[in-house]
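Heads up, the thing below is written out as structure tokens.
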Amino acid sequence: MEKWMLIDGNSIAYRAFFALPPLTNSAGQHTNALYGFTTMLLKLLDELKPTHVLVAFDAGKVTFRHEGYSEYKGGRQKTPPELSEQFPVLKELIRSFGIAQFELSGYEADDIIGTLTKRADEQGVETIVVSGDKDMLQLASDKVTIAVTRKGVSEVDMYSPKAIQEKYGLVPQQIIDLKGLMGDTSDNIPGVPGVGEKTALKLLHEHGTVEQVLENAGELKGKLKENIETHKDSALMSKKLATIFREVPLESGTDELRYSGYDGATLAEAFRKLEFKSLLERLDLGESVGDSAEEAKQSAAELNIAIITSEEDGESLSELLSALQQDKEHGLYIEAIGENPHQAEIIGMSVATGDAVYVLPYSALKKPFAAGLVEWFSQADKPKYGFDLHKVELALAWSGIRYAGTAFDVQLAAYLLDPTDTALSLSAITGKQGLSGIASDEAVYGKGAKFKVPDADTLCRHLALRGDAVRKLVPILTADLEKSGMSKLYFELEQPLSRVLAGMELQGITVKKQELEELGRNLESQLVTIMSDIYKHAGVEFNIGSPKQLGEILFEKLELPARKKTKTGYSTDAEVLEDLAPYHPIIPLILHYRQLAKLQSTYVEGLLKEVRGETGKIHTYYRQTIAATGRLSSQFPNLQNIPIRLEEGRQIRKAFVPSEPGWYIVAADYSQIELRVLAHIADDENLKEAFIHDMDIHTKTAMDVFGVTADQVDSNMRRQAKAVNFGIVYGISDYGLSQNLGISRNDAGRFIEQYKEVFKGVRQFMEDIVVQARRDGYVTTLLERRRFLPEIKASNFNLRSFAERTAMNSPIQGTAADIIKLAMVQMDEALRERKLKSRMLLQVHDELVFEVPEEELELMKSLVPEVMSGALKLHVPLKADVSFGVNWYEAK
DNA sequence: GAGGTCACG
DNA sequence: ACGTACGTGACCTCC
């Protein structure tokens with residue numbers, strides 16, 4: 001059974017353009033009409049499942065309608081260039097869908113559609129016309145339904161003749177009479193002055209057609225009668241103009257409209273260019289969620305899968321090993337279940353190479369006959385092309401299998417290509433690259449309580465598809481890195497770093513449980529005391545840890561002044577409480593309670609849970625593919641936020657000790673790395689000068705901003721200057737600075753202006769980087785790390801301002817990240833070359849922590865800062881301060 | 001699972 | 001007029 005869908009391309013594009021905010025891709029190309037059109041099209045294709053689809057466009061400026069009425073569409077605003085530039089792309093996009101499109105010189109889209117619906121009526125084919133224009137309702141029939149967009153383009157109202165009858169009390173043919181009387185300002189159809197929809201409907205209900213209304217105009221009264229009699233011609237002409245011409249000389253037959261579904265890869269390529277990320281994912285999702293099982297079976301059926309479970313599959317295994325030993329290109333996928341790679345369970349693996357995909361359940365990998373494969377894993381000179389090999393290395397290590405030799409990691413590459421992309425699962429990357437979708441993790445395993453490893457058959461097929469996907473992605477992402485100028489960053493920094501990180505994580509850091517436990521007992525007794533004090537002051541027991549309950553106590557029961565609100569109620573954060581401190585003695589108690597409770601739950605109990613019983617060590621997991629700026633992050637547990645600012649919390653660091661008796665903790669941190677990076681990037685003479693002379697940068701800033709000499713800078717001026725420096729790095733705003741310093745916005749603005757007067761290079765940088773971001777759609781670090789900032793062109797002030805601050809901050813924070821990463825790779829090499837026993841254990845953004853035997857202490861105290869400061873040559877010196885002690889606390 | 005809070009650079 | 005400092009992760013409460 002045929003089913004036609006006929007779309008008024010111009011009308012829908014217009015609707016979409018005005019309904020959506022001005023979206024652009026990173027190249028600055030406007031995409032809102034395209035996006036709206038596409039979402040609507042995908043939805044209709046999915047819901048209506050047409051066999052034939054056509055998009056019709058208006059062609060040429062002059063249509064036959066102008067012959068009779070030159071003012072036709074005259075009053076219409078000129079098409080904005082932001083929209084007209086989208087039409088050629090739209091036409092290409094429709095081709096990517098595999099959908100036919102017509103335009104015929106001298107005719108409008110609705111004439112083409114009218115002509116086709118006439119054929120549909122004659123042939124009895126069910127047809128849906130899609131438009132943003134109610135004019136189309138005249139085409140409705142028992143075969144033809146009109147879908148008119150509502151609320152933008154996401155939803156449509158369906159008009160059958162019956163629906164039109166219900167809504168207007170008219171038959172479809174009368175729609176033109178309606179237009180004839182009421183006109184249409186958007187097309188500059190005049191109609192009859194003073195006649196709107198209400199009057200027009202009343203007249204038509206009585207008389208049926210424009211002609212009849214005119215004939216019976218004598219019966220009418222007053223102004224209406226006068227208007228109609230004087231504008232008879234206008235009414236008749238308007239009716240003619242509103243009439244869709246249904247005899248367009250179309251040469252093409254309807255066979256050309258046949259639609260057999262889109263090609264995922266072609267469409268994904270088009271979406272990729274336009275950066276329709278959510279739609280790309282939806283393509284992926286549509287396949288993986290919708291018919292995941294079927295799809296997977298289908299694609300898997302096309303693969304030559306060799307499942308290796310026992311010695312009997314020796315032949316397959318030999319083939320595989322032979323390919324791997326010859327360094328054949330391949331795709332490796334290892335499934336490790338669990339978020340924490342130190343506790344993940346490997347359930348199987350696959351390698352796609354040659355014309356086959358080899359799949360091994362983990363049980364097979366552990367058997368003696370697979371020893372060759374285990375050997376291959378450990379060979380650093382045997383290249384491995386895989387996905388998230390950092391996690392794999394850790395998971396394998398805990399299963400007693402050594403791993404080395406990453407030649408390419410699809411996930412790491414995808415991160416560099418867009419570090420703000422939070423969907424770096426293999427299925428997401430595959431979908432984004434427009435390869436045929438593989439099932440998402442959730443589709444295969446379920447999630448939460450429903451998590452379940454599927455039966456062996458399903459699992460093997462699934463693993464096979466993933467190995468195959470990795471193999472296809474390797475050359476694509478390699479080329480993308482090259483195109484974006486990030487090959488060097490990838491191959492010489494990120495990939496080597498991945499290995500260094502794994503080494504640090506597996507090494508772990510020793511934590512003295514007794515130390516933490518004692519701290520915990522101490523905290524516990526303090527907490528009990530404070531808690532009862534708080535209850536006394538409140539006059540009631542409540543859950544201090546509940547912001548809701550606390551808010552009620554403070555602002556309702558105790559009637560303290562509530563200043564700040566959150567989405568859900570009163571804000572009770574530290575800033576609010578500090579302001580309230582003078583009003584009630586309960587406030588300092590709550591602040592203290594909060595502080596200690598945090599230490600207890602996160603740092604004492606939290607860390608104790610992470611200490612491995614066997615070794616007394618904590619193994620964090622540095623994530624290399626999370627932070628938008630290129631920084632690392634640390635999880636399970638986070639060792640990058642161990643307390644230091646307050647003395648009570650700093651005590652936690654006493655529990656972090658060397659793993660061997662007599663060794664030391666050595667810690668080295670970059671001094672003012674971000675401001676030094678800024679001095680370099682902005683090439684600011686004054687700032688560079690300050691660092692070349694290794695001045696105290698906040699004092700120097702105070703001198704320049706306040707126009708005083710060094711000995712005139714008091715601690716308050718220095719504090720304010722320090723805040724200004726922070727602000728500069730964060731992408732300053734007067735408001736932000738005023739909040740931070742508790743001063744007026746005007747005063748903050750003056751500080752900033754003064755700063756920019758003295759640090760002219762910084763001012764120039766701030767201005768240039770925003771312009772650059774707007775031009776390129778992204779900003780870069782010194783090592784060419786990118787961050788895309790599409791919102792830099794947003795019309796929404798907040799979004800745009802955020803993007804502008806990010807444009808200033810990311811190159812600074814990101815370059816600092818580049819530098820310490822370089823230092824880590826170089827430090828790792830230095831330790832190996834010199835065959836030192838010292839080990840690098842932790843990284844905290846601008847700090848590296850080592851454990852060092854006594855005999856290497858002196859050497860490391862000079863080597864570490866030397867490597868760190870020499871990691872990258874800038875126009876200012878990099879400085880690293882080093883310290884040591886018997887624990888992390890003492891290394892200060 | 002979201003929101004609030006707070007630890008770090 | 002708009003209303004915010006940049007980047008993270010963990011814990012708790014409450015729905």
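Small disclaimer: the values here were computed from a predicted structure and weren't measured. By convention in this document, chain letters (A, B, ...) are assigned in the order of the sequence lines, proteins followed by strands, and residues within each chain are numbered from 1.
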Have A:Gln640 and A:Gln843 got a donor and an acceptor in their side chains that come within less than 3.5 Å? yes
Contact under 4.0 Å: A:Arg805 side-chain N or O vs C:dT4 OP1/OP2: no
Could you tell me whether A:Thr572 contacts a base, only the sugar-phosphate backbone, or nothing, with contacts defined as non-hydrogen atoms closer than 4.0 Å? sugar-phosphate
What contact category does A:Arg594 fall into here, base, sugar-phosphate, or nothing, at under 4.0 angstrom with non-hydrogen atoms? sugar-phosphate
Using side-chain heavy atoms (C-beta onward) and a distance below 4.5 Å, is A:Ile590 in contact with A:Leu554? yes
For a quick check, tell me whether the side chain of A:Ser801 and the base of C:dT4 share a donor-acceptor pair closer than 3.5 Å. no
Paired with C:dC2 by Watson-Crick or G-U wobble geometry, both distances under 3.5 Å: which nucleotide is it? none
What is the nucleic acid contact for A:Lys598, judged by heavy atoms within less than 4.0 Å: base, sugar-phosphate only, or nothing? base
Beyond-backbone contact of A:Glu767 with A:Gln764, side-chain heavy atoms, under 4.5 angstrom: yes
Among side-chain atoms of A:Asp768 and A:Gln772, is any donor-acceptor pair under 3.5 angstrom? no
At 4.0 Å (heavy atoms only), tell me whether A:Asn740 reaches a base, stays on the sugar-phosphate, or touches nothing. base
Does C:dT4 have A:Tyr735 stacked on its base, where the ring centres are within less than 5.5 Å and the planes differ by under 30°? yes
When you match A:Asn796 and A:His845 each to their closest nucleotide on DNA chain C, which lands nearer the 5' end? A:Asn796
Indicate, with a heavy-atom threshold strictly under 4.0 Å, whether A:Ala723 touches base, sugar-phosphate, or nothing. base
Quick one: label A:Ile642 by what it contacts on the DNA or RNA (base, sugar-phosphate, nothing), any heavy atom closer than 4.0 Å. sugar-phosphate
